Amino acid sequence: MSDHPVTLGRFDAEEARLAGLKPADLLSLGLAAALILLPLLVGGSWIFALGVCFANSIGVLAVSVLVRYGGEVSIGHSFFAAVGAYSVAVLDTRFGLSLLASLPLALALGVVSGVAFAWPSRKLSGIYLAVSTMALALAVPELINNADGLTGGYEGLYVSQPVIPGIAMSLQRYYAALIVLVAVVYGLARLRHSRQGLQLLLAKAHPAAADAFGTRRVWARVAVMGISGGIAALCGAMLGFAGSTVSPSGFTLWSSIFLLVGSVVSFYGLSLPRALVGGAFLTLVPQFLSASGAWIPVLYGLALLGMILLGHYLPRLRAMIADRKGGV
Amino acid sequence: MTGILRDLFPLVWSGMITGCLYALGALGLVMIFKSSRVVNFSHGNVAGFAAFLIYGFSSGMIMELSWGAAVLLAVLAVIAIAFMTYAVISPLVFESDLTATIATLGIGLIAQGATLLIFGADIVSLDLPVPRFSMSVLGLFITGYDLTVLAVAVVTIGALFFVIDHTKLGIAFRAISENPFAAEVCGLNLRSVHLFSWIVAAVLGVVGALLIVPTTFLSVTTVAAFMLQAFAAAVIGGFGSLPGALLGGILIGVLMNLFTFYVSPEFSSTFLLGVILLALNIFPNGILERVGGTRV
């Protein structure tokens, strides 16, 4: 797990480094610039796939935020993603409103549903919370199908309203997803050094100390779930917009598990490159394996196990190598 | 009034029958959780894989064996899978139970993919070789299937509780679930007891899958979906109590039956979500435990 013990001493070093740009920041900026220019070089289907990839990256971030700031694992994020996706799709098809109106709504509803789930589950942690999130994910397709007057049931909805009329829709799908992804990454980077972010990290690493400083555990849990739910709703909104269709088959327990796989594959990273690794894994692997769909779960399972075992053995190997060097 | 009673009685009876099956699944989850503190999310997928193996071995798809031999082979295969699963995640178990739990999701994905690869996404039917027989008692319609399920569940669960209460292995199991450190100090081998519980759980899963499949049909997702009820049953029992899991299973079976009949069959998963959240908040340690202190 990402049990980064948050020691108070390390914050000073982080603050000091904030003054200048770190190499990692430069990498992120370079990557963002490259992605902005990419549509000039590659064509149609790649643009579409990358748009969906950005949307999945946001979902991966949502799961990673919960792990990093809450220390909890969720396999129910398809619920929040569905909330976001259907906000966009319903406003689009029923009211003719574009993403400009539906994205804020998606975010707000995502935060609200995150908080609404966090409150009854506030005392749960670890595997108990994981099992509750599993139940949450399993309820999603059923809820969507039974509200078919609004959601279109099994058939789903098609998202077609442009953000800015006049620009090719494929470019809009690409850039909207990219902008939201970059905004989420930027927001998370700011959260990391904000007072609230530090309080959340303290509540995770040293609950007793956080209590002493006046950060209640319940507040921390509800806040983290709210943030994570909001980001997941943005993921759903962008999946709907960039992927152009929204249907219940996109929000099953498996989608939630895949988001967790993406998060583990990116080592729970919150930076742009890490998020893109997770998102690309979820989007491009099925693309390459579309001829033999049954291999996808096998590959995802192997990747999940492989990364977890790597995370387990790598520090040990490093320590062994360091020991050997020290001995010589 | 008599109308309600006339409906209620058969509903409770059939709920108890399916509840016994949920209990079989839940007992496996709880066995693993009690010994190694891991929630085995691959339980349903592996059991589903085993059900498909039985189908493959007995239908001539892979081999043409008798039903009994097919079951025996599938049980052996599942024991091998349980062994390999534990071999892969055992280093994680001693470090973080949550990481090991995520790893079981990976195993579940692999089992699901393997089922798809070998048997495809088709729906098949897998029947139990039980005598076709039915009778009416006190307005209840009892079939041979019902009695088979009841008998198998009673024998299996009885044998399990006997082993845990009266054998050396069972004492070791209880000692480890009580206090792993003290048990290890006393010279018990944690890994072999963990392995025992993983293997027993896998076999219980196969038994449960075999008995549930005739009521529906067999597809890649049926057994995994059935295991959700087993999860709910384990949660109601507190995830750490074997009698609790049994009671939880029967309770879930009856409640689900009543809910689908009287309220709506379309919101059963949502109902389960509500039951799980409610149970975790009101009885965080299970219905058989007194509330007090945190578990983990």
Side-chain angles (χ1 to χ4, degrees), chain A residues 1-3 67 71-73 75-76 79 117 119-143 145-146 252-254 256-258 260-261 263-264 292-309 311-313 316, chain B residues 29 33 37-39 41-42 45 85 88-89 91-92 95-121 220-221 224-225 228 231-232 234-235 239 264 266-278 280-281 284 294-296:
Chain A
M1 289 292 307
S2 73
D3 282 333
V67 174
E72 301 294 350
V73 168
I75 49 174
F79 177 86
F117 176 72
W119 184 251
S121 62
R122 64 192 179 280
K123 287 180 199 150
L124 311 178
S125 63
I127 47 154
Y128 291 90
L129 188 74
V131 171
S132 317
T133 58
M134 178 184 77
L136 183 68
L138 281 158
V140 175
E142 177 178 284
L143 290 172
N145 283 327
N146 282 303
T252 60
L253 174 64
W254 293 108
S256 297
I257 293 177
F258 292 164
L260 179 65
V261 172
S263 173
V264 171
S292 49
W295 280 105
I296 294 172
V298 176
L299 194 73
Y300 280 7
L302 287 175
L304 187 63
L305 277 181
M307 291 307 276
I308 287 176
L309 290 174
H312 176 77
Y313 286 113
R316 262 149 242 223
Chain B
L29 292 169
F33 181 73
R37 298 276 132 190
V38 174
V39 177
F41 279 110
S42 68
N45 289 317
T85 308
V88 170
I89 71 162
L92 307 170
E95 190 188 354
S96 153
D97 44 4
L98 203 55
T99 312
T101 298
I102 300 176
T104 64
L105 278 172
I107 306 274
L109 282 168
I110 296 173
Q112 167 119 4
T115 314
L116 273 171
L117 276 176
I118 301 173
F119 300 98
V220 182
T221 51
L228 168 67
F231 266 104
V235 166
F239 242 112
S264 150
E266 282 151 7
F267 287 100
S268 51
S269 297
T270 317
F271 175 67
L272 271 184
L273 168 67
V275 168
I276 287 180
L277 281 181
L278 207 67
L280 281 173
N281 272 291
T294 49
R295 164 169 301 276
V296 190

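Just so you know, these numbers come straight off a predicted model, no measurement behind them. Excluded from the calculations below are hydrogen atoms, water molecules and symmetry mates; all remaining heavy atoms, backbone and side chain alike, are included. Numbered from 1 within each chain, the chains take letters A, B, ... in sequence-line order.
Neither the backbone nor the side chain of Val140(A) comes within less than 4.5 Å of any heavy atom in chain B. Contacts of Ile257(A) with chain B are made by side-chain atoms alone, with heavy-atom separations under 4.5 Å and no backbone atom involved. Interface residue Leu260(A): only side-chain heavy atoms are found under 4.5 Å from chain B. Heavy atoms of Met134(A) lying under 4.5 Å from chain B belong exclusively to its side chain. Neither the backbone nor the side chain of Leu253(A) comes within less than 4.5 Å of any heavy atom in chain B.
Applying the side chain to side chain donor-acceptor pair (under 3.5 Å) test to every pair with at least one member in residues 102-116 of chain B, sequence neighbours left out, gives no pairs at all.
The heavy-atom pair separating Leu116(B) from Pro297(A) by the smallest distance is CD1-CG, 4.4 Å. Shortest non-hydrogen contact noted between Gly106(B) and Leu304(A) is N-CD2, 3.3 Å. Of all non-hydrogen atoms in Leu98(B) and Gly71(A), the two that sit nearest each other are CD2-O, 4.0 Å. In terms of heavy atoms, Ser132(A) sits closest to Leu280(B) at OG-CD1, 3.3 Å. Closest approach of Ala139(A) and Leu273(B) over heavy atoms only: CB-CD2, 4.3 Å. Heavy atoms only, all atoms of each residue included: Ile110(B) and Leu302(A) are closest at CD1-CD2, 3.6 Å.
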Taking it one step at a time, do Leu92(B) and Leu309(A) satisfy side chain to side chain contact (heavy atoms under 4.5 Å, CB included)?
-> CA-CA 8 Å; Leu92(B) 307 170; Leu309(A) 290 174; 4.2 Å; yes

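The choice from Pro91(B), Ala100(B), Ala232(B), Ala234(B) that makes the most heavy-atom pairs within less than 4.5 Å of chain A is Pro91(B). Note on Glu142(A), His312(A), Met307(A): by heavy-atom pairs under 4.5 Å with chain B, the leading option is Glu142(A). Your options are Val88(B), Leu117(B), Val39(B), Ile276(B), and the one with the most heavy-atom pairs under 4.5 Å with chain A is Leu117(B). Per-residue counts of heavy-atom pairs under 4.5 Å with chain B were compared for Val261(A), Ile75(A), Val298(A), Leu143(A); the largest is that of Val298(A).
In this structure, Thr99(B) and Ile308(A) have side chains that are in contact, with non-hydrogen atoms separated by less than 4.5 Å. The shortest distance between side-chain heavy atoms of Leu109(B) and Phe258(A) falls below 4.5 Å.
The side-chain hydrogen bond (donor to acceptor under 3.5 Å, both in side chains) check on Thr133(A) picks up nothing, with sequence neighbours excluded.
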